[in-house]
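Heads up, the thing below is written out as C-alpha cells.
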Number of protein chains: 2
Amino acid sequence: MVELRHLRSFVVLADERHFGRAAVRLHIAQPALSQQLKQLERETGARLLDRSTRRVELTEAGRLLRGRAAEILAAVDRTSADLGLLGAGRAGRVRLGFVGTATYDVLPHVTRRVRDELPDVELEVRGELLGPELMAQLREGDLDIAVFRPGAAVTDDLEVLRLRDEPLVAVLPGDHPSARADAVDLRELDGMPLITHPSGYHSTMQPLVLDVCRRAGLDPHVVEVGETGTLVVFVAAGLGFGLVPHSVRALRLDGVAYVPLSGEPVTAPLVLAHRPDPAPVVARVSALVAAVTSGSGRDASG
Amino acid sequence: MVELRHLRSFVVLADERHFGRAAVRLHIAQPALSQQLKQLERETGARLLDRSTRRVELTEAGRLLRGRAAEILAAVDRTSADLGLLGAGRAGRVRLGFVGTATYDVLPHVTRRVRDELPDVELEVRGELLGPELMAQLREGDLDIAVFRPGAAVTDDLEVLRLRDEPLVAVLPGDHPSARADAVDLRELDGMPLITHPSGYHSTMQPLVLDVCRRAGLDPHVVEVGETGTLVVFVAAGLGFGLVPHSVRALRLDGVAYVPLSGEPVTAPLVLAHRPDPAPVVARVSALVAAVTSGSGRDASG
DNA sequence: TGTGGTGGTGGAGCTGCGACATCTCCGGTC
DNA sequence: GACCGGAGATGTCGCAGCTCCACCACCACA
C-alpha cells in the first residue's frame, strides 16, 4: 500500500537525484531509501528512476509522480495546518458583523482585544449593518458572528448570547438648552424632528425609539438615515434629535451632546449571535466579545 | 506523522459514523481504528469526531478533513492508476517518425491500431522524413520510434527490428503503354526520366533504385524530389517514372499506375528502430507497429 | 437494575521498517 | 588492465509500533 512516507521520500530523491544525499535529508539510511523506492515502484507498477551506480535519472513516470506527489504532500500539509488552527481555535478567519449602534464602541474594542490576544486570528469586520441583515448573513454563512439588537424575529436556529442592556440617551445639538443638563425629559424635545434608523423590518431601533416617544406623548416628524454615524452627523447639523444606546457616546462630534433620559430608564439590549456548534475560533472570539462588552461597556465614553 | 492509512481509515469512519462497522470495512480490529483516530487527532491538533458510546458525529474540523482526505486519496489513486498505465506501456507519449515510403501505408494503419488498442497513448506522428534524419532524431531524443529503410550507416547504438522486405514496383504515368500490364520490364522504360528521392546521405532509396536501373542497363536522367508524395505527383504529371516499395501503392492518384517488375524481385527492407532499453509505451507501440506491418503489409493496396 | 452494544484501554505478539555490514557494478586513473 | 573509490542493491537483525485479544466504562433501554 502506498503511504505518504513513500511520496515524501520520492520527492526528496527526485530532487537530489542521489540516494545517499536524499537519505541524509530524510534522516534515514540509504538502504531504507532503496527499499522504499522499490516498494513504490512495485505498487505503482512503473519504473520511476533510471539508476546506475553513476547516475540517477527520472523516467517519464518519475516526472509524473514527482509533480503529483508534491501536490499531494502540499495538500496534506495545508490540511494539517488548517486542522491545527481549527482545533486550537487560535487561528483561522472570523467574519464579524456589527449593528450601527455597536460600530463605534464595541467594534474597535473587540478588534483591539482580538489582535492582542489572538494574533493569528484573521478578523474580517463589517460595521454599520442592520439587525435583520446581520441575521440573514449569519444564516447564509456569509458571517460567523453578529453583534446587534434583537427584534422579534430572532429564531432559535442561531445561538444568541445577551451581552448587555444599554440605556437610551438623547443625542442633542450642542446649542440645545438641555445639551448640558444631567438629564433631559423627552417632552422638552417636543416639536423637534426625530432622526432615526430606517423603518420597516430594516432596523430594530426605530420601533423602540418611536415607542419611547409615543409613551412620552411625542409625535415627532421622523427623518430616517441609514447609518448611526449619519444620525449623529444630522443631529450635529441641527436637523433634530436622536435616541441611541449609551455606547454611541463613543462617537464624539463637535456640536453634539449625549444626555441621559430622565425618568424610568429605557434600555436597548445588545446580543451576540452565531450558528450553533461553532468552530473553536468562532467560540473563542465570541467569548472575547462577551468579555469586552461586559467588562468595559459603560465607561467607554471619554 | 500523518500517513495515508490514517486518511483512509478516517474517510471510512466519517462515512460509517460507527467504529465497529468502519473497522470491518477496513479489515482491521476496532481498537486499532480507535488508535488511528487518536493519532490523527494528536497530529492535527483538532478533535475530529464528537463521539460517545451512542453517537459518532463529525466536528467542523472533521467535516473539513473528510473532504480534504477524500480529495487527497482520490489524487493518490488517480496517480497510481496513471503510473500503472505508464508502467504497463498503456499510456504516455510516443513520437513516431516515418520515412516517406512508409508514410501512406504504414503510418495510417499504425495510428488506427494505436488509437483502438492503446487509447491512453498520446501519439505524435511525423511522416515523409528521410532515413538518416530519422536516425539522428532518434539519437537526439527528439523521436522515440523510427520506421525507415536502413542504409549502411545503421550503427548498433539503436535497437533495430526488421519489419518486412517490400518488392519494388514501378510507378508509371497512366498513359504509358505498360501501365495496365501485369508486369513491366525496366528496359521498356529506357529513355524516360527517373524520379527519385534525394541523393547523397539523405535517402537510402536512391542508391538502391539507381543500382536496379544500372543492372537493367538503364542510365536514366534523374530528377530528385524531397518526398514520396511529390515523386508520385511528378509521375502523374508525366515527368518520368519511379521505383518505389510496394506499399506506396496506398497512395493512389489519378494518372498513376503501379506495376510490378518482371524478373527477379528486388526488395527494399523496412525496419523499426528505437533507443535501447525503451520505456514500456515505446516497446508496446513498437510491437504494435511490427504486428501491423507483418500482418497486413502486402494487401494494403485497393 | 440488569443487559446489550459501543468506544476506550492495556498488554502480548508480530509485522515490517530501518540500521549495519556487505556486495556488486562501474568509471576514472595510473 | 589492474586498482580504487563511490554509488546503489542486498541480507540480516533488532526493535518500534501496529494489531489483536481481552477487558473496562459508559449509556440507553427495558
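Proteins come first, then strands; the chains are lettered A, B, ... in the order of their sequence lines, and each starts at number 1. Model, not experiment: these values are computed from the prediction.
One atom, CD of Gln39(A), and another, P of dT10(D), lie 13 Å apart when rounded to the nearest Å. For the pair Ile28(A) CD1 and dA16(D) P, the computed distance is 18 Å after rounding to whole Å. If you measure from atom NE2 of His27(A) to atom C1' of dC17(C), you get 18 Å, rounded to the nearest angstrom. Here the C1' atom of nucleotide dC25(C) and the CG atom of Asp50(A) are 16 Å apart, to the nearest Å. Nucleotide dC17(C) holds its C1' atom 16 Å from the CG atom of Leu37(A), rounded to whole Å. Remark: P of dT15(C) and CD of Gln35(A) are 18 Å apart, rounded to the nearest angstrom. Note: CZ (Arg21(B)) to P (dT6(C)) measures 8 Å, nearest angstrom. Separating the CD atom of Glu43(B) from the P atom of dG17(D) is a distance of 12 Å, rounded to the nearest angstrom.
Candidate nucleotides dG8(C), dT6(C), dA9(D) were compared by shortest atom distance to the side chain of Arg51(A), and dA9(D) ranks first. Closest to the Ala32(A) side chain, of the nucleotides dA19(C), dT19(D), dA21(C), is dA19(C). When distances are taken from the side chain of Pro31(A) to each of dA9(D), dG18(C), dA7(D), the shortest belongs to dA9(D).
Nucleic acid contact for Arg5(B): sugar-phosphate only, since backbone atoms but no base atoms lie under 4.0 Å from a heavy atom of the residue. Note on His6(A): nothing from the nucleic acid sits closer than 4.0 angstrom, heavy atoms only.
Using modelled atom types, no side-chain atom of Ser80(B) and backbone atom of Asp77(B) make a donor-acceptor pair closer than 3.5 Å.
Arg17(A) places a side-chain heavy atom less than 4.5 Å from the side chain of Leu58(A).
Classification of Arg275(B) and Asp50(A) as a salt-bridged pair fails, no side-chain N sitting under 4.0 Å from a carboxylate O. In this structure, Glu3(A) pairs ionically with Arg8(B), as a charged nitrogen and a carboxylate oxygen lie closer than 4.0 Å.
No donor-acceptor contact under 3.5 Å links the side chain of Gln30(A) to the base of dA7(D).
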